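Working notes for the structure below.
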Amino acid sequence: MELDDLRRNWQQAAGSDTTAPLDSEAVARLLKQSSRSSVAEMLRNAWQELVFTVLLLAIAIFGWLQAEKLETQLMMGWWILLGVVSIGSYHRHLITGLKGMKDAGATVHDQLTQQLQQLREVLRQSYLSSMWSIPISLGVPMGFTLVKLAQEMTVNKKMVLIFWLTVVFYGVVGYVAFLGMRWFAKHYLQRLYGQHLDRLEGLLRELEA
Amino acid sequence: MSPAAVAPPPDFTAVVQEYQPLLRRVCRLYCPDLADRQDLFQEVVLQLWRAWPKYQPQAEAKLSTWLYRVALNVAISSLRQRTRRPRSARLDDEDTPRHLPQPDASVTYEPEELAALYRAIDRLSDVDKAFVLLYLEERTYEEMADILGITQNNVRVKMHRVQDKLRQLLTRSV
């Protein structure tokens, strides 16, 4: 059978469509359901991440309030402040980026391109913020420890060795943490968004071919 | 705009009512499974509602063009469906069953020719399905280009390729 005949069959079937008409209540019911799109899934993931990090921050704030030493309070205070700024900025970018992926009225090509660009940007931001968490987490305690050791060095010359050992210690820990975080961030982001990214790239390639 | 909080205006409801068959045809083409199809239809309506404030009736784009765009965008970029649907087969994939069970045979009757067409379409990629849909719906190359966002020349070239692919799949299934 020729394609044109099949098209006629299709047209006839479409013409004799017996689907029950939707009334306004049925349309309203459809709109009350939550979206199951991949973008909606990613947005839900982002909100879950945010809730988790806010919980961690709340625990840190609780610890800060409980700290008795001024030095510990200062160190934790800096850590929390940097954490709030970086986490807030990351989630603002992430959620804004994902929300911007919802223009379903664009052409198929534009929508795929837009989704791909925004998803790449979301991944870039996520990766950068994960990597920045290393200097933020280690930099603050290292700074405080080294300042304290430098003060002690003025009265005790033996502290010079300890000072440099501390620098090496933080350097090694930082490097290991960097490698671990890089591995974790890549795998975590791949698991969350990788499949969708690969799919979008494949679709766009096919459409442009 | 929260879909749950706002009742749809009469013009939106009227559009969904009037174009329901068109939207269902898109869903039918992308989802052989009835439950998946219903999910997709709901998602399409939801995305139409979200995109509704941006729709400019006075603009050049026809309403049907805009509806095809939204429906195809949702159908093509939907990840959830894909995980529940068998993967698209390659033309040379001999292991893929040629006679997949007729979807929803107990629910809706489809003439054998049409069922064979759907079986062949189901083995195409999601992008190729869009071309087949627009061909079956007798859209002009200009409209297709406007929906897909590629040039008319590109549409023409790809349409020939997709039609050849579909012909081969239909011949194999006979």
Side-chain angles (χ1 to χ4, degrees), chain A residues 1-42 101-116 195-196 199-200 202-209, chain B residues 3-4 6-8 10 12-13 16-17 20-22 24-25 39 41-52 54-55 66 69-70 72-74 76-80 82 110-111 113-114 116-117 125-128 130 135-138 145-150 154 158 163 166-167 170 174:
Chain A
M1 186 176 257
E2 285 300 311
L3 283 186
D4 284 344
D5 298 328
L6 284 170
R7 179 157 69 171
R8 266 191 293 279
N9 284 354
W10 162 277
Q11 294 286 341
Q12 279 168 6
S16 59
D17 190 349
T18 54
T19 314
L22 284 171
D23 58 17
S24 50
E25 276 181 26
V27 174
R29 264 200 308 279
L30 283 174
L31 300 179
K32 277 181 186 160
Q33 312 288 321
S34 59
S35 174
R36 292 167 181 174
S37 70
S38 41
V39 176
E41 287 283 334
M42 288 189 283
M101 289 164 69
K102 283 182 175 173
D103 185 15
T107 67
V108 173
H109 182 273
D110 286 356
Q111 218 244 1
L112 287 172
T113 309
Q114 187 204 20
Q115 280 207 12
L116 202 53
Q195 193 187 0
H196 191 54
R199 187 164 145 63
L200 289 175
L203 288 166
L204 196 59
R205 252 197 320 271
E206 198 184 343
L207 192 62
E208 288 173 343
Chain B
V6 184
F12 176 79
T13 305
V16 174
Q17 284 170 340
Q20 186 194 177
L22 180 155
R24 292 225 183 253
R25 287 199 298 277
D39 284 353
F41 178 72
Q42 182 200 312
E43 189 63 36
V44 168
V45 175
L46 204 58
Q47 295 306 327
L48 277 175
W49 172 236
R50 285 182 175 160
W52 185 247
K54 287 186 185 171
Y55 174 63
W66 183 76
R69 279 182 184 177
V70 176
L72 284 174
N73 278 331
V74 175
I76 286 175
S77 62
S78 168
L79 189 67
R80 182 175 171 272
R82 181 139 183 117
E110 284 167 355
E113 292 88 358
L114 214 51
L117 176 66
S125 72
D126 286 348
V127 169
D128 287 350
Y135 164 76
L136 293 172
E137 298 271 304
E138 291 190 317
D146 205 15
I147 292 164
L148 298 171
I150 55 177
N154 201 351
K158 282 197 73 73
Q163 284 178 351
L166 189 61
R167 265 189 215 102
L170 284 164
V174 171

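This structure is a prediction, so every number in the text was calculated from the model and none was measured. Below, read A as the first sequence line, B as the second, and so on, with proteins coming before strands; counting in each chain starts at 1.
Atom CD of B/Glu138 has more than 12 heavy atoms from other residues, nucleotides or ligands within 6.0 Å.
Here the closest non-hydrogen pair linking A/Gln115 and B/Ser77 is NE2-OG, 4.1 Å. Considering every non-hydrogen atom in both A/Thr107 and B/Asp146, the closest pair reads CG2-O, 3.2 Å. Listed here is the closest heavy atom pair of B/Gln47 and A/Ser35: NE2-OG, 3.6 Å. Scanning all heavy atoms of the two residues, the minimum distance from A/Gly105 to B/Ala51 falls at N-CB, 4.3 Å.
For B/Gln163, the parts lying near chain A are the backbone and the side chain together; criterion is any non-hydrogen pair under 4.5 Å. Interface remark: B/Leu117 contributes side-chain atoms only to the contact with chain A (heavy atom separation under 4.5 Å).
The backbone N or O of A/Ala106 lies less than 3.5 Å from a partner atom in the side chain of B/Asn73, making a donor-acceptor pair. A/Arg7 contributes a side-chain N or O that, together with a main-chain N or O of B/Tyr135, makes up a donor-acceptor pair within less than 3.5 Å.
Your options are B/Leu48, B/Ile147, B/Val16, and the one with the most heavy-atom pairs under 4.5 Å with chain A is B/Ile147. Contact count versus chain B (heavy atoms, under 4.5 Å) is highest, among A/Leu200, A/Leu207, A/Thr113, A/Asp23, for A/Leu207. Contact count versus chain A (heavy atoms, under 4.5 Å) is highest, among B/Val70, B/Leu136, B/Val127, for B/Leu136. Per-residue counts of heavy-atom pairs under 4.5 Å with chain B were compared for A/Leu112, A/Val108, A/Asp110, A/Leu30; the largest is that of A/Val108.
Looking at heavy atoms from C-beta onward, B/Trp49 lies out of side-chain contact with A/Val27 at the 4.5 angstrom threshold. The side-chain heavy atoms of B/Leu170 and A/Leu6, taken from C-beta on, include a pair separated by under 4.5 Å. For the pair B/Asp126/A/Glu206, no side-chain contact is recorded, criterion being any heavy-atom separation below 4.5 Å from C-beta on.
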Exercise. When you look at A/Leu3 and B/Arg167, which way does the side-chain contact (heavy atoms from CB on, under 4.5 Å) test go after all the steps?
Worked result: CA-CA 7 Å; A/Leu3 283 186; B/Arg167 265 189 215 102; 3.9 Å; yes

